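Side-chain atoms are counted along with the backbone in the values below, which use heavy atoms only and exclude waters and symmetry mates. Everything numeric here is computed off the predicted structure, so don't read it as measured data. Numbering of residues begins at 1 and proceeds along the displayed sequence.
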Amino acid sequence: MKSTITAGLLLASLATPTMAATLYSETFTGQEGIGVTGPITAGSNPAVSGVTWSLDVSGANLTADDDFARVEDGAFSARDTDGIAVWLSPIIDILGFTDLMLSAAFTESGDIEGGSGTNTDFINAEVSLDGGSSFTLLSNINGFGSETFSLTGDTPDDGDFDATTLSTSLDNGSAFQFRVSFANSAASELFTLDDVLLSGSPVSQVPLPPAALLLGSALLGLGLWRRRRAM
């Protein structure tokens with residue numbers, strides 16, 4: 001029996017999951033004001049520096065000096081975008097990791113309009129596991145969205161999500177990227193994103209040399225033979 005256990009331990013050492021590791025974390029600490037503040041020319045996309053994430057505001061209309069997509073009060077915030085402002089994480093290598101988990105905190109203030117028309121206010125959270133070639137929508141987060149939106153409001157009263165946290169497992173992949181799109185249409189409407197966290201468990205691949213594989217097989221066979229003789 002001892003020989004059987006020894007062989008099993010040798011074979012099990014081929015792939016050994018370990019404790020979860022933080023692969024990406026963004027809390028926006030120390031980034032106050034970084035982003036884009038209006039007014040800017042429609043269709044333009046000013047560069048953002050000093051951070052690992054990026055922005056695409058070419059689909060937004062930040063026409064007033066109180067329209068923005070920037071870090072405000074310790075969180076990434078989007079107000080009166082009149083179009084879509086997109087926040088993107090850096091691309092993170094996830095090869096060799098399993099049990100991937102993503103979390104992020106969202107808040108809203110103001111009367112967020114729902115529906116499906118051009119005046120719909122929404123947040124769409126999407127993930128890519130191949131380095132940004134294709135993204136998958138995380139729809140209807142915690143029941144506060146729909147099939148086409150991660151988070152949205154209702155009409156006409158403010159019965160919106162207020163604050164909610166995304167927490168979801170992800171499939172394995174090669175390179176992770178998180179994309180969050182914000183759309184709202186009034187100075188009284190504000191969305192925020194904070195505490196983005198990606199974790200995963202590294203898998204230690206320890207290939208055995210051929211001699212060790214042969215030894216393991218021999219020990220396993222010896223253990224089975226001894227058990228038969230004992231019977």
Side-chain angles (χ1 to χ4, degrees), residues 24-28 35-36 53-62 67-89 92 94 99-130 132-171 173 176-200:
Y24 176 66
S25 176
E26 181 57 81
T27 63
F28 303 101
V36 177
W53 46 269
S54 59
L55 277 180
D56 182 354
V57 295
S58 59
N61 289 286
L62 305 176
D67 298 345
F68 55 75
R70 69 186 185 206
V71 178
E72 182 86 356
D73 295 328
F76 181 79
S77 307
R79 180 166 68 186
D80 199 8
T81 60
D82 285 328
I84 300 175
V86 183
W87 178 92
L88 298 105
S89 78
I92 306 297
I94 55 174
D99 299 327
L100 296 169
M101 289 292 300
L102 171 67
S103 62
F106 298 95
T107 70
E108 60 84 12
S109 61
D111 193 1
I112 308 303
E113 290 88 20
S116 58
T118 56
N119 292 326
T120 300
D121 301 321
F122 65 85
I123 297 175
N124 274 350
E126 300 170 286
V127 295
S128 172
L129 299 174
D130 63 3
S133 297
S134 61
F135 284 85
T136 299
L137 175 69
L138 303 176
S139 60
N140 200 23
I141 295 173
N142 298 330
F144 293 119
S146 66
E147 290 184 1
T148 52
F149 298 122
S150 299
L151 298 165
T152 189
D154 67 349
T155 303
D157 300 315
D158 189 16
D160 309 315
F161 64 88
D162 187 34
T164 195
T165 299
L166 162 69
S167 181
T168 186
S169 60
L170 302 175
D171 294 333
F176 165 89
Q177 190 171 30
F178 190 35
R179 181 171 74 182
V180 184
S181 301
F182 302 88
N184 49 32
S185 54
S188 61
E189 298 170 348
L190 180 73
F191 288 134
T192 75
L193 164 70
D194 203 359
D195 297 327
V196 181
L197 178 65
L198 175 70
S199 64

Q: Would you list the pairs meeting salt bridge (charged side-chain N to carboxylate O under 4.0 Å, His left out) in which at least one residue belongs to residues 183-198, sequence neighbours left out?
A: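 Pairs touching residues 183-198 that pass the test: none.
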Q: Taking all non-hydrogen atoms of both residues, which atom of Thr165 and which atom of Asn142 are closest, and how far apart?
A: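 Where Thr165 meets Asn142 most closely, the heavy atoms are O-ND2, 2.9 Å.
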Q: Output yes when a side-chain donor or acceptor of Ser58 lies under 3.5 Å from a complementary backbone atom of Asp56, and no otherwise.
A: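 Not confirmed, Ser58 side chain does not pair with Asp56 backbone.
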Q: What's the spacing between Ser146 OG and Ile141 CD1 if we round to 0.5 Å?
A: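 CD1 of Ile141 is found 11.0 Å from OG of Ser146.
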Q: First locate atom CD of Glu26, then atom CZ of Phe178, and finally report the distance between them rounded to the nearest 0.5 Å.
A: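 Between Glu26 CD and Phe178 CZ, I get 12.0 Å after rounding to 0.5 Å.
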Q: Please work out whether the ring planes of Phe191 and Phe182 are parallel, tilted or perpendicular, with thresholds of 30° and 60°.
A: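 Tilted.
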Q: Start with the C-alpha gap between Asn184 and Leu190, add the side-chain angles, then the distance that decides, and say whether side chain to side chain contact (heavy atoms under 4.5 Å, CB included) holds.
A: CA-CA 7 Å; Asn184 49 32; Leu190 180 73; 5.5 Å; no
Q: Contact between Ser188 and Asp111 at the side-chain level, heavy atoms closer than 4.5 Å - yes or no?
A: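 Contact flag for Ser188/Asp111 side chains = no.
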Q: Atom OG1 of Thr107 and atom CG of Leu193: how far apart are they, to the nearest 0.5 Å?
A: 9.0 Å
Q: How many angstroms lie between atom CZ of Phe122 and atom OG1 of Thr148, to the nearest 0.5 angstrom?
A: 9.0 Å
Q: Could you give the distance from CG (Asp121) to CG (Leu151), rounded to the nearest 0.5 Å?
A: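 The CG atom of Leu151 is 12.0 Å from CG of Asp121, to the nearest 0.5 Å.
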Q: Can you name the closest pair of heavy atoms from Leu197 and Ser25 and give their distance?
A: CD1-CB, 4.1 Å
Q: Taking the side chain as every heavy atom from C-beta outward, state whether Thr192 and Phe76 have any atom pair closer than 4.5 Å.
A: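 The answer is no, as the side chains (C-beta and beyond) never meet within the 4.5 Å cut-off.
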Q: What is the minimum heavy-atom distance between Leu55 and Gly35, and which atoms define it?
A: CD1-CA, 3.8 Å
Q: Just by distance, do the side chain of Ser150 and the backbone of Leu138 share a donor-acceptor pair under 3.5 Å?
A: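 Such a contact is found between Ser150 side chain and Leu138 backbone.
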Q: Please give me the minimum heavy-atom distance between Ser185 and Asp80, naming the atom from each residue.
A: C-OD1, 3.2 Å
Q: Mind checking whether Thr168 and Val127 have side chains closer than 4.5 Å, heavy atoms only?
A: no
Q: Taking the side chain as every heavy atom from C-beta outward, state whether Trp53 and Val71 have any pair of such atoms under 4.5 Å apart.
A: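 Side chain of Trp53 against side chain of Val71, heavy atoms only: contact under 4.5 Å found.
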Q: Using a 4.5 Å cut-off on heavy atoms from C-beta on, say whether the side chain of Asn124 contacts that of Ile84.
A: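 Heavy-atom side-chain distance check fails, nothing below 4.5 Å.
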Q: With no hydrogens and no angle check, do the side chains of Ser134 and Asp130 hold a donor and an acceptor under 3.5 Å apart?
A: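 Per modelled atom types, Ser134 and Asp130 side chains form a pair under 3.5 Å.
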Q: Of the non-hydrogen atoms in Leu62 and Arg79, which two are nearest, and what is the gap between them?
A: CD2-O, 4.4 Å
Q: Could you pull out the closest heavy-atom pair between Ser139 and Glu147, with the gap in Å?
A: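 Closest approach of Ser139 to Glu147: CB-O, 3.6 Å.
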Q: Are Phe144 and Phe106 near enough that their ring centres are under 6.0 Å apart?
A: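 No: the rings miss the under 6.0 Å criterion.
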Q: Has the side chain of Ser128 got a donor or acceptor atom that lies under 3.5 Å from a matching backbone atom of Phe176?
A: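 Flag not set: sc Ser128 to bb Phe176 has no pair under 3.5 Å.
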Q: Distance from Leu137 atom CG to Arg179 atom CZ, nearest 0.5 Å?
A: 9.5 Å
Q: Taking the side chain from Asp67 and the backbone from Thr81, do they hold a donor-acceptor pair closer than 3.5 Å?
A: no
Q: Any side-chain to backbone donor/acceptor pair from Glu108 onto Asp162? Under 3.5 Å, distance only.
A: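 Between the backbone of Asp162 and the side chain of Glu108 there is a qualifying donor-acceptor contact (under 3.5 Å).
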